[in-house]
Asks: 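Mind looking over this structure? Questions follow.
All chains are named by letter (A, B, ...) in the order of the sequence lines, taking the proteins before the strands, and each is independently numbered beginning at 1. What you are looking at is a predicted structure, and each value in this text was computed from that prediction instead of being measured.
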There are 2 protein chains.
Amino acid sequence: MREFKTVSLADQVFEKLESDIIVGVYPRGEVLTELKLVENLGVSRTPIREALRRLEQERLIADSAKGSVVLGITVDDLIDIMEIRQSIEGLAAYHATKNITPDELEELRQINELQDFYYEKKDIERLRQMDDRFHVAIYEISKRNVICDTLRPLHRKTQRYRRQSIGDDQRLANSIAEHKAIFNAISEGKAELASQLITQHIENAKNHMIERFHYHG
Amino acid sequence: MREFKTVSLADQVFEKLESDIIVGVYPRGEVLTELKLVENLGVSRTPIREALRRLEQERLIADSAKGSVVLGITVDDLIDIMEIRQSIEGLAAYHATKNITPDELEELRQINELQDFYYEKKDIERLRQMDDRFHVAIYEISKRNVICDTLRPLHRKTQRYRRQSIGDDQRLANSIAEHKAIFNAISEGKAELASQLITQHIENAKNHMIERFHYHG
DNA sequence: ATTCGATTTTATGTATACAATTATACACCG
DNA sequence: CGGTGTATAATTGTATACATAAAATCGAAT
């Protein structure tokens with residue numbers, strides 16, 4: 001018998017709003033009032049308020065006297081996020097290599113194969129999902145709660161920019177190759193190498209994003 | 001005329017519960033029910049729920065079918081936190097050195113002087129507060145929201161262990177001296193040096209904590 | 001026409017009422 | 001005596017009602 005875990009409305013509202021803000025459905029500066037959200041989402045203020053408080057804690061919105069102002073992720077935020085990831089994602093890869101189980105290794109292998117598959121089909125949206133799964137899998141496999149809790153939201157917040165970055169075929173091909181190299185290092189138990197490779201991978205992604213999104217001169 | 005910003009009950013409840021959990025008033029494993037908190041804190045369930053959702057997001061509590069289980073900060077969490085801080089607090093110091101204003105420099109100088117003052121008086125609690133203010137000031141002076149938002153909660157979560165760590169007079173003296181060296185580097189505009197010094201400072205603090213709290217052999 | 005002030009509107013903050021779910025206790029049956 | 005099922009109690013999830021504060025509106029006076 002399968003277990004159906006019912007997700008609370010508050011959680012659903014949070015996930016929807018977080019995603020919508022990150023990808024830009026609600027642009028920076030827009031004011032969200034509880035009443036409007038009640039109408040749009042069809043739930044009462046209670047779960048909406050709980051979601052808003054969490055978004056506020058993530059600095060995706062700011063509370064003002066009247067309504068919540070959407071902040072979203074600016075290019076400056078993006079650069080900071082990538083610098084932070086560059087500094088600590090190596091830690092995650094290191095611990096993941098040390099703590100990975102055979103099942104988890106298999107899962108990571110599958111993600112890599114799916115990447116190849118979707119690359120053939122040029123399915124950008126799925127490829128972004130695979131990027132999500134690859135990185136988040138490493139966070140979780142590390143079994144370090146604090147590292148996981150720190151990196152996961154940061155990675156989610158880059159979604160909008162990653163989606164565009166993947167559009168560059170050269171960068172996409174490089175990224176997939178880098179994932180493979182990281183996977184190989186992890187599967188061979190080379191923790192230091194995995195750490196170095198993922199750090200370089202993030203730096204490459206960062207540089208590509210800066211080149212693409214940050215006006216220069 | 002002074003401006004009185006009224007803090008909402010929800011915020012007050014969050015701050016009190018967060019602090020109580022971090023310092024161990026509520027031990028790991030204890031179950032907090034909304035009704036109990038209503039009685040203890042004298043406010044209704046609405047603000048309490050909003051606070052609990054935020055604590056959950058910080059993984060200080062975990063939601064269970066009946067009540068919220070206190071997780072708090074374990075020694076393993078502490079080690080992860082210090083490793084992360086070691087990796088990114090240098091970034092904060094670097095940006096802070098680049099972006100500091102004269103007023104902010106003066107504030108930092110005052111914190112350092114107060115440290116000497118309270119060290120003379122051996123006022124451990126105030127010294128911990130000064131440690132808070134010194135580090136948080138650097139986060140904020142960096143003017144990097146993401147860095148700030150990442151480091152501030154991590155630093156808060158070390159409070160309980162720092163309080164004990166400060167009890168070791170040798171470590172305390174070293175820590176204050178390290179703060180001074182960091183301050184000097186910042187005031188002289190040496191961003192790279194400030195970054196290196198604060199990284200070393202965190203590593204020293206981490207090693208001291210590991211030695212003190214992590215059972216060895 | 002502009003400014004000041006009162007009134008109204010709008011939105012949030014808080015409390016409470018109601019619904020649904022889950023654990024617990026206890027009786028009944030094997 | 002142990003297990004199972006039902007009733008009950010406890011607790012959360014959600015909605016709504018009420019209180020309060022801030023902003024907008026409108027009118028009157030200068």
Asks: Apply side-chain hydrogen bond (donor to acceptor under 3.5 Å, both in side chains) to His155(B) and Glu89(B), showing your working.
Replies: CA-CA 10 Å; His155(B) 185 264; Glu89(B) 201 144 328; 5.9 Å; no

Asks: With a 4.0 Å cut-off on N to O distance, would you call Asp11(A) and Arg54(A) a salt bridge?
Replies: yes

Asks: Find the distance Leu37(A):CG to dT12(C):P and express it as a whole number of Å.
Replies: 9 Å

Asks: Once you round it to whole Å, what is the distance between C1' of dT12(C) and CD of Glu50(B)?
Replies: 10 Å

Asks: For nucleotides 16-24 of chain D, give me one character per nucleotide, 5' to 3': B if any protein heavy atom sits under 4.0 Å from the base, S if the only such contacts are to the sugar-phosphate, - if neither.
Replies: BB----BS-

Asks: Would you call Lys206(A)-Glu203(A) a salt bridge at under 4.0 Å N-O?
Replies: no

Asks: How close or far is atom P of dT12(C) from atom CD of Glu56(A), stated in whole angstroms?
Replies: 12 Å

Asks: Round to a whole Å and report the spacing from CD of Glu34(B) to P of dA15(C).
Replies: 14 Å

Asks: Once you round it to whole Å, what is the distance between P of dT11(D) and CD of Glu39(B)?
Replies: 10 Å

Asks: Does some side-chain heavy atom of Arg53(A) sit less than 4.5 Å from a side-chain heavy atom of Arg53(B)?
Replies: no

Asks: Charged N to carboxylate O under 4.0 angstrom, Asp77(A) versus Lys157(A)?
Replies: no

Asks: Please give, in whole Å, the distance from dT12(D) P to Asp63(B) CG?
Replies: 8 Å

Asks: I need the CZ-P distance between Arg49(A) and dA15(D), as an integer number of Å.
Replies: 15 Å

Asks: For Arg126(B), check side-chain hydrogen bond (donor to acceptor under 3.5 Å, both in side chains) against everything at least two apart and list the hits.
Replies: Gln129(B)

Asks: Taking CG from Leu52(B) and P from dT11(D), how many angstroms apart are they, rounded to a whole number?
Replies: 14 Å

